[in-house]
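Down below is the structure, laid out as structure tokens.
A note on names: the letters A, B, ... follow the listed sequences, proteins ahead of strands, and every chain is numbered from 1.
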Amino acid sequence: MGHNTDKLIIAGRKFSSRLIIGTGKYTTYAQNADALTASGAEIVTVAVRRVNLTNPDEPLLVDFIDPTKTVYLPNTAGCFTGEDAVRTLRLAREAGGWDLVKLEVLSDPKHLYPDMEETMRAAKLLIADGFEVMVYCSDDPVFARKLEDLGCAAIMPLGAPIGSGLGIQNPVNIRLIVEQTSVPVIVDAGVGTASDAAIAMELGCDGVLMNTAIAEAKDPILMAGAMKHAVIAGRQAYLAGRMPRKKYADPSSPLAGLI
Amino acid sequence: MQLIINGDTYTDLKVGMNVLELLSHLSLPMAKVAVERNKEIVPKSGYASVVLQDGDVLEIITFIGGG
């Protein structure tokens with residue numbers, strides 16, 4: 001498969017980049033916009049919050065990252081019930097007109113693991129309301145299957161706890177989810193550096209979503225570029241098919257014809 | 001009249017104000033926000049026709065950075 005024809009397709013929308021980046025934790029929205037350019041990402045996650053009424057001149061994200069050029073993926077961060085998630089995303093849909101959304105229903109602030117029971121319930125409510133749901137979930141293949149069966153547009157298991165940068169902790173489960181899933185599988189959370197993103201892609205994931213790994217790098221713009229290349233490298237390595245692992249050395253230069 | 005907007009009470013608002021007038025009063029750009037009134041979304045097409053009532057509870061949201 002050629003690089004140019006290898007598209008990520010989510011709910012019928014085609015994307016050339018398999019990297020999705022967050023817009024949190026950056027020093028400024030301007031830095032965020034520069035990181036976006038360097039990353040080549042076509043989708044950004046965004047949060048839905050009350051406007052600041054005491055300072056209406058406060059800079060707005062939309063003034064730095066143009067929602068007509070970059071796909072905004074509104075999230076449900078901070079929602080702890082299905083009803084909260086539906087309420088938040090209905091407002092997002094009215095504000096921006098988008099039905100592609102990221103569902104995340106979290107539990108304990110210490111590990112930010114998804115509450116899968118509530119995530120399932122929220123996914124049902126959102127899908128019934130016409131949303132295309134990209135769902136943050138645990139790396140449990142059983143729940144991943146259930147979410148796919150509900151009609152989620154993408155399954156997004158965590159690689160490690162949100163913001164931890166620990167890398168892909170359970171490659172066995174990620175691969176099991178990749179193998180069984182027919183909608184895109186996107187590792188969401190846990191990536192710390194470029195090799196983590198490449199590992200996710202080499203496992204056969206369709207994409208990687210990250211925020212902190214770029215935003216909290218010493219040089220976020222440089223790291224955004226590194227992540228762009230890592231995702232492409234990992235994808236191409238997956239498509240190319242790695243060589244088999246061997247127990248012993250195998251010389252690259254022929255032994256025949258030695259002087 | 002009195003409205004509760006994003007959790008704060010506003011008491012100095014003109015009776016009969018519609019959503020469009022409120023956004024203008026608050027210096028908010030209509031295209032970049034969404035409005036919920038008493039837990040129901042006000043579609044942008046209804047901003048000029050929805051007249052606010054004393055005691056209404058409004059949420060006005062926008063997009064901010066998030067993961």
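Listed by first and then second residue, the salt bridge (Lys or Arg N to Asp or Glu O under 4.0 Å) pairs involving residues 31-60 of chain A are A:R50-B:E59 (not counting sequence neighbours).
Atom CG in B:L28 sits 9.5 Å away from atom CG in A:N52 (nearest 0.5 Å). For the atom pair CD (B:E40) and CZ (A:R90), the distance works out to 9.5 Å, reported to the nearest 0.5 Å.
The contact between A:K102 and chain B is made entirely by side chain atoms (from C-beta outward), counting heavy-atom distances below 4.5 Å. Heavy-atom distances place the side chain of B:K32, and not its backbone, under 4.5 Å from chain A. In this structure, the portion of A:Y29 lying under 4.5 Å from any heavy atom of chain B is its side chain and not its backbone. Using a 4.5 Å cut-off between heavy atoms, A:A215 makes no contact with chain B at all. Within the 4.5 angstrom heavy-atom criterion, no atom of A:D188 approaches chain B. Only the side chain of B:I41 comes within less than 4.5 Å of a heavy atom of chain A; its backbone N, CA, C and O stay farther away.
The shortest heavy-atom contact between A:A47 and B:G65 is CB-O, 3.9 Å.
With respect to B:P29, the side chain to side chain contact (heavy atoms under 4.5 Å, CB included) criterion is satisfied by exactly one of A:V62, A:V51, A:L60: A:L60.
Among A:L91, A:L61, A:T45, the residue with the largest count of heavy-atom pairs under 4.5 Å with chain B is A:L91. Of the listed residues (A:L209, A:N32, A:V48), the one with the most heavy-atom contacts under 4.5 Å to chain B is A:V48.
Ring orientation note: the planes of B:F63 and A:Y72 are nearly perpendicular, at an angle over 60° on the 30°/60° scale.
A:N75 contributes a side-chain N or O that, together with a main-chain N or O of B:G67, makes up a donor-acceptor pair within less than 3.5 Å.
For the pair B:Y10/A:L53, a side-chain contact is recorded, criterion being any heavy-atom separation below 4.5 Å from C-beta on.
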